[in-house]
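Report on one structure; see the data block that follows.
Values reported hereafter were calculated over all heavy atoms of this structure, with side chains retained and with hydrogens, waters and symmetry mates removed. Just so we're on the same page: letters track the sequence lines, and every chain starts at 1.
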Protein chains: 2
Amino acid sequence: MKSHPLRKQIEEIVQLTDEEFTFVLEHFRSKRFKKHQIVLHDGDYANYDFFVIKGLMKVSRLDLDGKDHILQFGMENWWITDAEAFHHKSKSTLMVTCLEDTEVMALTLGNKEKLSRELPKMQYFFLKKTTNGYIALQKRILCFLSSNANERYHNLLTIYPGLIQRVPKAMIASYLGVTRETLSRLSKMT
Amino acid sequence: MKSHPLRKQIEEIVQLTDEEFTFVLEHFRSKRFKKHQIVLHDGDYANYDFFVIKGLMKVSRLDLDGKDHILQFGMENWWITDAEAFHHKSKSTLMVTCLEDTEVMALTLGNKEKLSRELPKMQYFFLKKTTNGYIALQKRILCFLSSNANERYHNLLTIYPGLIQRVPKAMIASYLGVTRETLSRLSKMT
């Protein structure tokens with residue numbers, strides 16, 4: 001049980017006993033999805049935050065022109081959902097889609113709050129993960145502000161190792177907010 | 001004491017007794033800065049997260065061409081710092097500057113952790129605030145991805161009411177990542 005990916009991630013921040021980790025696991029539900037499956041539709045409630053055990057998902061916004069803007073990828077050991085809809089119990093403005101057959105552990109907001117209340121170590125874990133996510137988004141915004149597509153591309157390589165081998169180039173371009181031509185130039189520079 | 005701005009903000013999320021709020025306050029230090037004062041220099045350690053009581057600050061990155069990219073403003077009731085340097089105890093890559101005479105309550109990371117440990121309600125408060133900050137940054141990124149400067153401008157008006165009357169237009173343009181000309185067009189559309 002020591003080698004469970006969720007336990008490994010939690011124990012990078014706080015240590016758990018076997019009993020505590022069993023208690024944590026009881027708050028999750030295992031789910032399996034197929035490649036291309038839309039797990040959360042725009043307009044639906046986001047009932048779960050997903051911890052990815054195996055596979056690959058994306059969260060994106062489809063604009064009125066049919067263009068898909070990718071906000072985040074979620075591969076092994078990532079958390080992924082429409083954060084606003086999940087935390088505010090509002091209708092989703094984003095879509096969560098599987099890019100591969102995917103296996104996740106799904107956590108409801110109710111269970112996240114219960115875990116945080118009953119095991120303060122888990123609240124500390126969620127606080128640290130959210131803080132790190134916040135810092136990563138600030139870096140991405142700084143890259144947009146300085147129009148530094150090259151830095152954006154290298155950030156992507158760092159935070160998602162192996163991703164570019166797993167998804168079409170058009171999706172990488174969508175995540176970076178650049179054209180296919182710019183992406184092609186960036187990847188040649190590496 | 002009920003009307004203290006920090007208490008008001010905390011009590012939007014969790015309720016505190018007078019004793020608890022007194023305990024919270026003991027972890028902060030009051031500071032006053034002058035207009036134009038640089039409170040955190042690029043390369044220094046970010047010892048404090050600032051809760052703004054009165055005044056206005058910005059956190060920005062000065063690039064090699066001397067261009068200042070504004071990541072965030074902090075006016076009354078905002079928290080502002082170089083989040084990465086503060087939380088990771090690393091050297092700052094950003095600058096925090098006062099745009100007006102400013103009065104803050106300053107919190108060290110040690111005291112933030114101590115408060116979180118000794119008063120789990122405060123940990124819950126920090127978790128909720130960080131989550132909301134994370135969601136706000138995701139929205140800003142989506143605006144960049146869809147190149148929607150108009151939505152970006154309206155986001156700014158919503159989250160910083162009164163800001164455009166308090167800072168030069170060049171700073172608004174820097175925050176939005178647009179030229180002065182584009183900003184001028186956007187503000188005429190309002």
Side-chain angles (χ1 to χ4, degrees), chain A residues 49 59-65 67-72 79 81-88 90 93-94 109 112-113 116-148 151-152 173-178, chain B residues 49 59-65 67-72 79 81-88 90 93-94 109 112-113 116-148 151-152 173-178:
Chain A
D49 198 359
V59 55
S60 61
R61 182 190 283 169
L62 202 61
D63 72 16
L64 296 172
D65 302 326
K67 202 171 166 201
D68 192 45
H69 303 285
I70 299 180
L71 181 59
Q72 193 201 317
W79 293 81
T81 187
D82 176 338
E84 181 176 29
F86 176 75
H87 286 100
H88 296 170
S90 56
T93 57
L94 305 171
L109 182 63
K112 183 177 178 180
E113 301 254 331
S116 294
R117 228 173 17 243
E118 297 181 3
L119 197 57
K121 280 195 256 188
M122 283 304 290
Q123 182 156 280
Y124 186 75
F125 166 73
F126 290 127
L127 176 58
K128 285 286 150 185
K129 288 299 286 181
T130 308
T131 301
N132 289 339
Y134 179 87
I135 291 166
L137 293 184
Q138 281 199 333
K139 285 187 178 176
R140 197 162 158 208
I141 286 173
L142 277 167
C143 289
F144 277 111
L145 286 176
S146 56
S147 307
N148 193 331
E151 194 174 330
R152 234 139 80 203
S174 160
Y175 174 89
L176 297 174
V178 299
Chain B
D49 198 359
V59 54
S60 61
R61 181 190 284 169
L62 202 61
D63 72 16
L64 295 172
D65 303 325
K67 203 173 165 201
D68 192 44
H69 302 287
I70 299 179
L71 182 59
Q72 193 200 317
W79 292 82
T81 187
D82 176 339
E84 182 176 28
F86 176 75
H87 286 100
H88 295 172
S90 55
T93 58
L94 305 172
L109 183 62
K112 183 178 180 181
E113 301 253 331
S116 295
R117 230 175 13 247
E118 297 182 2
L119 196 56
K121 279 195 257 187
M122 283 304 290
Q123 182 157 278
Y124 186 76
F125 165 74
F126 290 127
L127 176 58
K128 286 286 150 183
K129 287 299 286 180
T130 309
T131 301
N132 289 340
Y134 179 86
I135 291 166
L137 293 184
Q138 280 199 334
K139 285 187 179 176
R140 196 161 159 209
I141 286 173
L142 277 166
C143 289
F144 277 112
L145 287 176
S146 57
S147 306
N148 193 332
E151 195 175 328
R152 232 140 81 205
S174 160
Y175 174 90
L176 296 173
V178 299

Handout entry: Qualifying residues under side chain to side chain donor-acceptor pair (under 3.5 Å), relative to A:Q123, sequence neighbours excluded
Key = none
Handout entry: Under 4.5 Å from a heavy atom of chain B, the part of A:N132 involved
Key = side chain
Practice task
Of all the heavy-atom pairs spanning B:H87 and A:I135, show the shortest one and how long it is.
Solution key: CB-CD1, 4.2 Å
Exercise for the section: Tell me, please, which residues at least two apart from A:F86 pass ring-ring contact (aromatic ring centres under 6.0 Å, His included). Expected result: none
Exercise for the section: Please name the pair of heavy atoms, one in A:L142 and one in B:H69, separated by the smallest distance, quoted to 0.1 Å. Expected result: CD2-O, 4.3 Å
Exercise for the section: Measure A:Y175 against the heavy atoms of chain B and call it side chain, backbone, both or neither at under 4.5 Å. Expected result: backbone
Practice task
Flag the one option from B:D63, B:V178, B:T131 with the top tally of heavy-atom pairs under 4.5 Å to chain A.
Solution key: B:T131
Fill in the blank from the handout: Pair count under 4.5 Å, heavy atoms only, with chain B: among A:S146, A:P120, A:G133, highest is A:S146
Handout entry: chain B contact via A:L94 - side chain, backbone, both or neither, heavy atoms under 4.5 Å
Key = side chain
Practice task
Could you tell me whether the side chains of B:D68 and B:S174 share a donor-acceptor contact shorter than 3.5 Å?
Solution key: no
Practice task
Report, as yes or no, whether the 6.0 Å neighbourhood of atom NZ on B:K121 holds more than 12 heavy atoms from other residues, nucleotides or ligands.
Solution key: yes
Completion exercise
Okay, B:K139 and chain A: the region with an atom under 4.5 Å from a heavy atom over there is side chain
Exercise for the section: Please look at A:K128 and chain B and tell me whether the side chain, the backbone, both or neither of the residue comes under 4.5 angstrom of a heavy atom of that chain. Expected result: side chain
Handout entry: chain B contact via A:L127 - which portion, at a heavy-atom distance below 4.5 Å
Key = both
